[in-house]
Amino acid sequence: QVQLQESGPGLVKPSQTLSLTCTVSSGSVTTTYYWWDWIRQAPGKGLEWMGTIAFSGTTYYRPSLKSRTSISWDTAKNQFTLQLSSVTPEDTAMYYCARRYFYCASSGCQYKYDTWGQGTQVTVSS
């Protein structure tokens, strides 16, 4: 089955750039109808969608994060990377990567997440 695994530093200092990698195993990132997302959850808060990338390289970002967020592919390694610049303690969260696709049924059409990574904890502190 397809598996996603997040990796990166657990601790970063304020003003630095956070870089996290999602490795896709037991599958291919070349399937064109999937979107690959980064989602986070701060302590005591709900899930916050950060952004997404398609195999083509098309990206979309949460408006409040767009100015300091970048998602990119390394398809040779079956990986996509999140970079979040100028981090503050407000960026402390569990960070997840996930796979999403668009599907249609008799009730209509919608997006659905079918695979999640286990998450990685990131703490922003000096």
Side-chain angles (χ1 to χ4, degrees):
Q1 73 279 18
V2 175
Q3 298 180 73
L4 306 181
Q5 177 66 62
E6 304 90 345
S7 62
L11 179 66
V12 293
K13 296 181 178 180
S15 81
Q16 293 184 332
T17 295
L18 170 66
S19 182
L20 297 175
T21 295
C22 183
T23 300
V24 181
S25 61
S26 301
S28 175
V29 301
T30 62
T31 303
T32 58
Y33 52 83
Y34 286 116
W35 290 90
W36 308 81
D37 291 7
W38 283 100
I39 301 156
R40 68 180 182 181
Q41 186 170 33
K45 303 295 184 180
L47 296 171
E48 181 183 44
W49 179 84
M50 300 183 69
T52 189
I53 188 169
F55 174 71
S56 65
T58 299
T59 55
Y60 296 97
Y61 303 108
R62 187 178 188 87
S64 62
L65 298 174
K66 181 178 178 62
S67 65
R68 58 191 187 100
T69 305
S70 178
I71 302 173
S72 59
W73 279 115
D74 185 343
T75 55
K77 297 180 179 179
N78 267 25
Q79 295 177 333
F80 62 105
T81 297
L82 168 73
Q83 294 195 91
L84 183 67
S85 66
S86 303
V87 299
T88 74
E90 294 296 315
D91 295 311
T92 294
M94 283 288 295
Y95 285 76
Y96 301 90
C97 55
R99 188 176 74 173
R100 175 170 51 90
Y101 70 100
F102 190 73
Y103 77 100
C104 296
S106 60
S107 58
C109 301
Q110 60 184 310
Y111 288 102
K112 181 179 177 65
Y113 290 97
D114 66 356
T115 310
W116 289 74
Q118 66 183 13
T120 186
Q121 176 66 45
V122 176
T123 299
V124 179
S125 176
S126 60

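Judged by distance alone, with hydrogens and angles left aside, the side-chain atoms of Trp38 form no donor-acceptor pair with the main-chain N or O of Ile53 at under 3.5 Å. Side chain of Thr69 to backbone of Leu65: a donor-acceptor contact under 3.5 angstrom is found. Under a 3.5 Å cut-off, the side chain of Thr52 and the backbone N or O of Trp36 do form a donor-acceptor pair.
Interatomic distance, Thr58 OG1 to Ile71 CD1, rounded to the nearest 0.5 Å: 12.0 Å. For the atom pair Arg40 CZ and Met50 CE, the distance stands at 4.5 Å (nearest 0.5 Å).
Remark: Thr88 pairs with Glu90, Asp91 by the side chain to side chain contact (heavy atoms under 4.5 Å, CB included) rule, at least two apart or across chains. Partners of Thr23 according to the side-chain hydrogen bond (donor to acceptor under 3.5 Å, both in side chains) rule, which considers only residues two or more places apart in sequence or in another chain, are Gln79. Annotation: side chain to side chain contact (heavy atoms under 4.5 Å, CB included) contacts of Tyr113 (sequence neighbours excluded): Asp37, Ile39, Trp49, Ala98, Arg100, Trp116. Remark: Lys66 engages Tyr61 in a side chain to side chain contact (heavy atoms under 4.5 Å, CB included) (not counting sequence neighbours). Lys112 pairs by the side chain to side chain contact (heavy atoms under 4.5 Å, CB included) definition with Tyr101, Tyr103, not counting sequence neighbours.
Side-chain contact between Thr81 and Asp74 is absent, with no heavy-atom pair separated by less than 4.5 Å. Residues Gln41 and Glu48 have side chains not in contact (no heavy-atom distance under 4.5 Å, counting atoms from C-beta outward). In this structure the side chain of Thr115 never reaches within 4.5 angstrom of the side chain of Gln3, judged on heavy atoms.
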Compile the donor-acceptor pairs under 3.5 Å between side chains in residues 5-19 and protein atoms, sequence neighbours left out, one pair per line.
from	atom 1	to	atom 2	distance (Å)
Glu6	OE1	Gln118	N	3.3
Glu6	OE1	Gly119	N	2.9
Glu6	OE2	Cys97	N	2.9
Glu6	OE2	Gly119	N	3.3
Gln16	OE1	Lys13	N	3.0

Exercise for the section: Please step through side-chain contact (heavy atoms from CB on, under 4.5 Å) for the pair Ser72 and Phe80, ending with a clear verdict. Expected result: CA-CA 6 Å; Ser72 59; Phe80 62 105; over 6 Å; no
Handout entry: Audit row: Arg68, Leu84, side-chain contact (heavy atoms from CB on, under 4.5 Å) steps and yes/no
Key = CA-CA 6 Å; Arg68 58 191 187 100; Leu84 183 67; 3.6 Å; yes
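Ring centroid separation for the pair Tyr60 and Trp35 comes in under the 6.0 Å cut-off.
Minimum interatomic distance between Thr92 and Gln121 (heavy atoms only, all atoms of both residues): CG2-NE2, 3.9 Å. The two atoms that bring Ala54 and Trp73 nearest to each other are O-NE1, 2.6 Å, heavy atoms only.
Donor-acceptor pairing under 3.5 Å is lacking for the side chains of Ser125 and Thr123.
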